[in-house]
Chemist: 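Structure below; questions to follow.
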Amino acid sequence: MGDSLIQASYLAAKETYARWGVDTGKAMDALKKISLSIQCWQGDDGSGFENPTGPLTGGIAATGNHPGKARNATELRSDYETAFSLIPGSHRVNLHAIYAETGGKKVERDELLGEHFEGWIDWAREKKIGIDFNSTFYSHPLSADGFSLSSRDEAKRRFWVRHGQASRRIGAYIGEKLGKRVVTNHWIPDGYKDMSANRLEPRTILLRSLDEMFSEQLNPLLNIDAVEGKLFGLGSESYVVGSHEFYLGYAITRKKMMCLDMGHFHPTEMVSDKISSVMLYLDELLLHVSRGVRWDSDHVVALDDELIALTKELVRGNFLGRTNIGLDFFDASINRVAAWVIGVRSTLKALLIALLEPTDQIQKAEASGDLTGRLAMIEDFKTLPFGAVWDYYCETMGVPSGNSWLVSARQYERDFLLKRI
């Protein structure tokens, strides 16, 4: 597709949308302001740098053995840069604590400091991007029994409380260094594989641990915390301590941000349906955009019905300004850099579709009782030429349109990824 064809297609699409009262230029301007938090664990299958050859535990699993996994921070940052060059807009990187650079020295997780992320900070400052952060409560000897913050073992529990405290300080440190607020997310895998005889005690312990972890008041302009629930996980199929209900109650009563992960609920539950309820009680929301096949399998995000429903809910409810969007998937069976690009571009496409919807008209029809008109508009709008607007947006943002980005991704694979074998 040549530039002239993209331009002509866009002008035709612009006119089509204008008939509905939709300004395509305004939609693209809104999309430019959205910064997605792109997960580091797609680049190296979630192993991190603390013990990169060690086993993943806590329900974390990456399947596949496609060549080119990043083996260190330099390679991971190079992979990020290639992905960023193929994605329109200015976005963020999302780090876990196990991606610290300690100069080859053993540093326990409760002793991690902001200085162990100076390499990431310097790189982010150079690239003019932000960083978000995550505490890491899995893949560690002290979580081998399946429990961390809810452990009955006081020494283990205290260790994980200190790790959470250290992670929060690191988030604030990064925020101060970059002048950009950091969202620090906290998820734990704690739970039982089989039936639990006492569901209350671990949750009581978790409540106490979280209160201790969050006891230090940090500048919310530098760091803001989120808590993330889950229905079940590998090794915790029967009981997860940190359920959705537990964390929703905690977030509301302790004024923390709630993280809703698209893969962390029953397959018949839709995260898009939860947003308006959660937003009645919380100032901000963190979304982890993923794609569960059967369940929380963290497949690369695709432009499917639930993703579109999710982004439409954000626009229809005027929630974009109160929502932090991060990606959460990792697939080791395909080119990892291409997986980033596919997932992020799909998310941006869904946001563009939502921004191009005549929300006011549809909501007015509903409010007036014209349910026939509401359904007709929703259905008719599904076939409008958003793809022409997307291609034009990519061209104006200086990244490849259509499928042409894949040429660059494959060239990078030949030049760098395949040589890591």
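Everything quoted here is computed from the prediction, not taken from an experiment.
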Chemist: Could you tell me which non-hydrogen atom of Pro52 sits nearest to which non-hydrogen atom of Ser47, and how far apart they are?
Modeler: O-CB, 3.6 Å
Chemist: Taking the side chain as every heavy atom from C-beta outward, state whether His186 and Met213 have any atom pair closer than 4.5 Å.
Modeler: yes
Chemist: Donor-acceptor check, side chain of Arg374 to backbone of Ile362, threshold 3.5 angstrom: yes or no?
Modeler: no
Chemist: Is the shortest side-chain N to carboxylate O distance from Asp29 to Lys26 below 4.0 Å?
Modeler: no
Chemist: Less than 6.0 angstrom from the centroid, inside 45 degrees of the normal: does Lys127 satisfy that with respect to the ring of Phe84?
Modeler: no
Chemist: Per the side-chain contact (heavy atoms from CB on, under 4.5 Å) rule, which among Asn185, Val227, Thr323 passes with Leu286?
Modeler: Asn185
Chemist: Can you tell me how far the CZ atom of Phe330 sits from the CG atom of Leu56, to the nearest 0.5 Å?
Modeler: 6.5 Å
Chemist: Hey, does Arg336 have a side-chain heavy atom less than 4.5 Å from the side chain of Asp79?
Modeler: no
Chemist: Is the closest side-chain heavy-atom distance between Ser143 and Phe137 below 4.5 Å?
Modeler: no
Chemist: Could you list the donor-acceptor pairs under 3.5 angstrom formed between side-chain atoms of residues 111-119 and any protein atom two or more places apart in sequence or on another chain?
Modeler:
from	atom 1	to	atom 2	distance (Å)
His116	ND1	Leu113	N	2.9
Glu118	OE2	Tyr173	OH	2.2

Chemist: Could you check whether the rings of Trp340 and Tyr80 sit parallel, tilted or perpendicular, using 30° and 60° as the cut-offs?
Modeler: parallel
Chemist: Which atom pair, heavy atoms only, marks the closest approach of Lys14 to Thr24?
Modeler: CG-OG1, 3.4 Å
Chemist: Heavy-atom distance under 4.5 Å between the side chains of Tyr247 and Lys256, does that happen here?
Modeler: no
Chemist: Which pair of non-hydrogen atoms, one from Cys394 and one from Arg345, has the smallest distance, and what is that distance?
Modeler: SG-NH2, 3.9 Å
Chemist: Could you tell me whether Glu101 and Arg77 make a salt bridge, using a distance below 4.0 angstrom between a side-chain N and a carboxylate O?
Modeler: yes
Chemist: Hey, what's the ring geometry for Tyr250 with Phe246, parallel, tilted or perpendicular (30° and 60° as the breaks)?
Modeler: parallel
Chemist: Does Phe265 have any ring pair (Phe, Tyr, Trp, His ring centres under 6.0 Å) partners at least two apart in sequence or in another chain, and if so, which?
Modeler: His244
Chemist: Between Asp296 and Lys230, does any NZ, NE, NH1 or NH2 come within less than 4.0 Å of an OD or OE carboxylate oxygen?
Modeler: yes
Chemist: Closer than 3.5 angstrom, by distance alone: can the side chain of Asp190 be matched with the main-chain N or O of Ser148 as a donor-acceptor pair?
Modeler: yes
Chemist: Could you check Glu379 against Lys382 for salt bridge (charged side-chain N to carboxylate O under 4.0 Å, His left out), going step by step and ending with a plain yes or no?
Modeler: CA-CA 5 Å; Glu379 290 303 299; Lys382 290 179 180 178; 2.8 Å; yes
Chemist: Using a strict cut-off of less than 4.0 Å between a Lys/Arg side-chain nitrogen and an Asp/Glu carboxylate oxygen, indicate whether Arg158 and Asp110 qualify as a salt bridge.
Modeler: no
Chemist: Scan side-chain atoms only and decide if Asn198 and Tyr239 contain a donor-acceptor pair under the 3.5 Å cut-off.
Modeler: no
Chemist: Scan side-chain atoms only and decide if Arg157 and Ser209 contain a donor-acceptor pair under the 3.5 Å cut-off.
Modeler: yes
Chemist: Quick one: does any side-chain atom of Arg109 pair with a main-chain N or O of Thr136 as donor and acceptor, under 3.5 Å?
Modeler: yes
Chemist: Tell me, do Tyr393 and Leu348 make a side-chain contact under 4.5 Å, heavy atoms counted?
Modeler: no
Chemist: Counting distance only, does the side-chain N/O of Ser243 pair as donor-acceptor with the main-chain N or O of Val240 below 3.5 Å?
Modeler: no
Chemist: Would one find more than 12 heavy atoms of other residues, nucleotides or ligands at under 6.0 Å from atom CG of Asn65?
Modeler: no
Chemist: Heavy-atom distance under 4.5 Å between the side chains of Tyr10 and Glu395, does that happen here?
Modeler: no
Chemist: Are side-chain N/O atoms of Ser272 and Glu313 paired as donor and acceptor at under 3.5 Å?
Modeler: no
Chemist: So Tyr99 and Phe49, would you call those rings parallel, tilted or perpendicular, with 30° and 60° as cut-offs?
Modeler: perpendicular
Chemist: For residues His266 and Leu231, report the shortest heavy-atom separation together with the two atoms involved.
Modeler: N-CD2, 3.4 Å
Chemist: Classify the side-chain pair Asn324/Arg181 by whether it contains a donor and acceptor separated by less than 3.5 Å.
Modeler: yes
Chemist: Using every non-hydrogen atom in the two residues, find where Cys40 and Leu95 come nearest and quote the distance to one decimal.
Modeler: SG-CA, 3.8 Å
Chemist: Using a 4.5 Å cut-off on heavy atoms from C-beta on, say whether the side chain of Leu248 contacts that of Val278.
Modeler: yes
Chemist: Is the backbone of Lys193 close enough, under 3.5 Å, to the side chain of Ser238 for a donor and an acceptor to pair up by distance?
Modeler: yes
Chemist: Just by modelled atom types, is the Pro267 backbone N or O under 3.5 Å from a matching donor or acceptor in the Glu269 side chain?
Modeler: no
Chemist: Parallel, tilted or perpendicular, judged at 30° and 60°: which one describes the rings of Trp187 and His264?
Modeler: tilted
Chemist: Under the salt bridge (charged side-chain N to carboxylate O under 4.0 Å, His left out) criterion, do Arg168 and Asp225 qualify, and how do the steps go?
Modeler: CA-CA 8 Å; Arg168 298 184 66 233; Asp225 297 287; 2.9 Å; yes
Chemist: Is it the case that the side chains of Ser290 and His288 hold a donor-acceptor pair, with the cut-off being a distance below 3.5 Å and no angle test?
Modeler: no
Chemist: Just to verify, which of Tyr192, Phe159, Trp160 counts as forming a ring pair (Phe, Tyr, Trp, His ring centres under 6.0 Å) with Phe147?
Modeler: Tyr192
Chemist: Parallel under 30°, tilted from 30 to 60°, perpendicular over 60°: which one fits the rings of His96 and Trp41?
Modeler: perpendicular
Chemist: Of all heavy-atom pairs between Leu218 and Arg169, which one has the smallest distance, and what is that distance?
Modeler: CD1-N, 4.2 Å
Chemist: Between the side chain of Gln42 and the main-chain N/O of Val337, is any donor-acceptor distance below 3.5 Å?
Modeler: no
Chemist: State, yes or no, whether a side-chain contact exists between Leu260 and Lys274 at a heavy-atom distance under 4.5 Å.
Modeler: yes
Chemist: Short question: side chain of Arg71, backbone of Arg420 - any donor-acceptor pair under 3.5 Å?
Modeler: yes
Chemist: Ignoring hydrogens and geometry, is there a side-chain-to-backbone donor-acceptor pair from Glu228 to Asp261 under 3.5 Å?
Modeler: no
Chemist: Is Asp122 salt-bridged to Arg125, cutoff N-O under 4.0 Å?
Modeler: yes
Chemist: For Gln363 and Arg316, indicate whether the former's side chain and the latter's backbone hold a donor-acceptor pair under 3.5 Å.
Modeler: yes
